[in-house]
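If you read the sequence from its start, that first residue is 1, and numbering goes on from there. Predicted, not measured: the structure shown is a model, and the values here were computed from it.
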Amino acid sequence: MYEAYYQLQAKPFTLLPDPGFLFLGTRHKMALSLLEYGVVNRAAFIVITGEPGTGKTTLLNRLLEQPGGQWTIGVLSNTHGGLGGLMPWIAAAFGLEVGGKSPVELFHRFERYLEREQTAGRRVFLVLDEAQNLGSAMLEELRLLSNLNDGRRCSLQILLSGQPALRGILEQPAMEQFAQRIAVEYALQPLGEDEVAAYIDHRIRVAGAPRSLFSTLACRMIFILTGGIPRLINQLCDHALVYGYAAQATTITASVVLGAARERARQGCLPFRAAPDGVEPTPQEREAEAAEAMKFLPVSRAHPTQTDAKPAYVDPSTLYREGLALRQAGEFMRAAGLFEHIAGNSVLGAKALAQKGLCLKSIGRYDEALATFRRALELPATGAQDVVSLRYLCARTLEAMGNSEAALEIYQHLRSHGPQYRDVATRMDRLAHVRSNGARRKAPATTTVGSILQSCSEWLRDLHPRRFISLK
């Protein structure tokens, strides 16, 4: 309905747990890293909990996309206490015949299945979604099933995903033996305010939009109304786009969002975290939003009576200091906007882009951070010391993404052209150790991340030779 109007190639806020839209903010990146750690290190039990709609299933889908041929995966979704014994369901999840077999027969059949998979060099991974519905009796059945691991090898790994009630069950005294076997656990929290804005922009970009569609104030209203729950954000943003399309709005403003939320609250049952009728931006916030929205209007609409007026001059150094203060306060999106505004300045351009890249890195937008550092490196006026700093920032970003090879290459160059950072040698030793032990893993990537990671080393090598001069 609204896709063509906003130049979208897909619906950006679908409720389906599509891993292609996964936004790896600070919390979700940590959760995925811990899940991967548990998988790689053969943890018998892995537990992830979170409120409904926080993105647990999407994370699991991303995780299950990665293992490849060394894994055999069985998934039990929509588990509940009425299942009876778990053994028939587990056997069916792995394609074993269950008809007419007793639980004991199925147990021994599953044991032989694990032995065959172990002989073939594959581990078996059992995922139980909505695990808070299992109850203590079924969880105890899982614990006994894990005894099939003989102590020398872990053929069966079990991942439990559920709502916070699952933690309450596992904390009961009767579940102490089970809890002691949990090697990795993580409680996934809702998104923070800055992450909500980044999340919305990320999904818009993945869907093909050429620019941001939601104003900063609109994102703040969405955070207040949804509490940072991704599923609620998706529903509200989808409705806001419908309302924006109906009004032929170029930008989804706070008024559009609040209008959609109030209508949904009157006619639906969406569990908003704040009553839409009780949320109202201040006049100052409205004024700042209007100024922000101006850049998306045609010139004739943005300045209908001031065709000859010159914009007021603002000292770039003042904007740079304001951006630093905003970044220090954790308002990364607003700071990034100010730094972008002075990116073309011949004196402060490289520093501004470096700061913008750091803002993007802070909210998990690593691909955009790398692209921003690259822009700064390519500026003709970038000084030698700034080049060193930018290359170091590229390496740190690549390291955070898990691309050890590219990060190590940059660290090696930095050390060979003059020691500027005390931690470079330590980081090189750690990355070299990871590589030598074969523990390097490919980082989760969006479409843009993949292409940037592949070309990062190339463009760093292909820059003008002056980028590699000694700084002694």
Is it the case that atom [atom1] in [X] sees more than 12 heavy atoms from other parts of the structure closer than 6.0 Å?
X: E176; atom1: CD; result: no
X: M30; atom1: CE; result: no
X: E287; atom1: CD; result: no
X: Y2; atom1: OH; result: yes

Please give me the minimum heavy-atom distance between [X] and [Y], naming the atom from each residue.
X: R62; Y: L24; answer: NH1-CD1, 4.3 Å
X: I252; Y: A240; answer: CD1-O, 3.7 Å
X: K356; Y: R375; answer: NZ-NH1, 4.0 Å
X: A354; Y: L390; answer: CB-CD2, 3.7 Å
X: I222; Y: C237; answer: CD1-SG, 3.7 Å
X: K351; Y: D386; answer: NZ-OD2, 3.3 Å

Could you check if a side-chain atom of [X] sits within less than 4.5 angstrom of a side-chain atom of [Y], using non-hydrogen atoms only?
X: E185; Y: R167; result: yes
X: Q189; Y: E51; result: no
X: L35; Y: V184; result: no
X: K11; Y: E3; result: yes
X: V257; Y: L217; result: no
X: I229; Y: T54; result: yes
X: L191; Y: F223; result: no
X: P271; Y: R273; result: yes

Taking [X] for the side chain and [Y] for the main chain, is one N or O donor matched with an acceptor at less than 3.5 Å?
X: K56; Y: L188; value: no
X: H202; Y: L22; value: yes
X: E399; Y: A407; value: no
X: Q157; Y: G38; value: yes
X: K361; Y: L393; value: no
X: N41; Y: A43; value: no
X: R27; Y: P190; value: yes

With rounding to the nearest 0.5 angstrom, report the [atom1] to [atom2] distance, [X] to [Y].
X: I204; Y: L241; atom1: CD1; atom2: CG; value: 5.5 Å
X: D277; Y: L258; atom1: CG; atom2: CG; value: 9.5 Å
X: Q235; Y: L232; atom1: CD; atom2: CG; value: 6.5 Å
X: T397; Y: N403; atom1: OG1; atom2: CG; value: 11.5 Å
X: I342; Y: E340; atom1: CD1; atom2: CD; value: 10.0 Å
X: D129; Y: I48; atom1: CG; atom2: CD1; value: 10.0 Å

Could you check F125 against L63 for side chain to side chain contact (heavy atoms under 4.5 Å, CB included), going step by step and ending with a plain yes or no?
CA-CA 11 Å; F125 195 51; L63 180 70; 4.3 Å; yes

Please evaluate residues N234 and R203 with respect to the criterion side chain to side chain contact (heavy atoms under 4.5 Å, CB included), reporting the C-alpha separation (whole Å), side-chain torsions for both, the decisive distance (0.1 Å), and the verdict.
CA-CA 9 Å; N234 287 0; R203 294 189 73 105; 3.8 Å; yes

Electrostatic pair [X]:[Y] at N-O distance under 4.0 angstrom:
X: E289; Y: R220; value: no
X: E368; Y: R205; value: no
X: R262; Y: E280; value: yes

Between F178 and F45, what is the ring plane arrangement, given parallel below 30°, perpendicular above 60°, and tilted in between?
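Plane angle between 30° and 60°, so tilted.
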
What orientation do F23 and Y199 show, parallel under 30°, tilted 30 to 60°, or perpendicular over 60°?
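F23 vs Y199 ring planes: perpendicular.
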
Please walk me through it: do Q248 and Y5 pass side chain to side chain contact (heavy atoms under 4.5 Å, CB included)?
CA-CA 8 Å; Q248 295 291 284; Y5 180 73; 3.3 Å; yes

Stepwise side chain to side chain contact (heavy atoms under 4.5 Å, CB included) test for D18 and T58
CA-CA 6 Å; D18 185 350; T58 305; over 6 Å; no

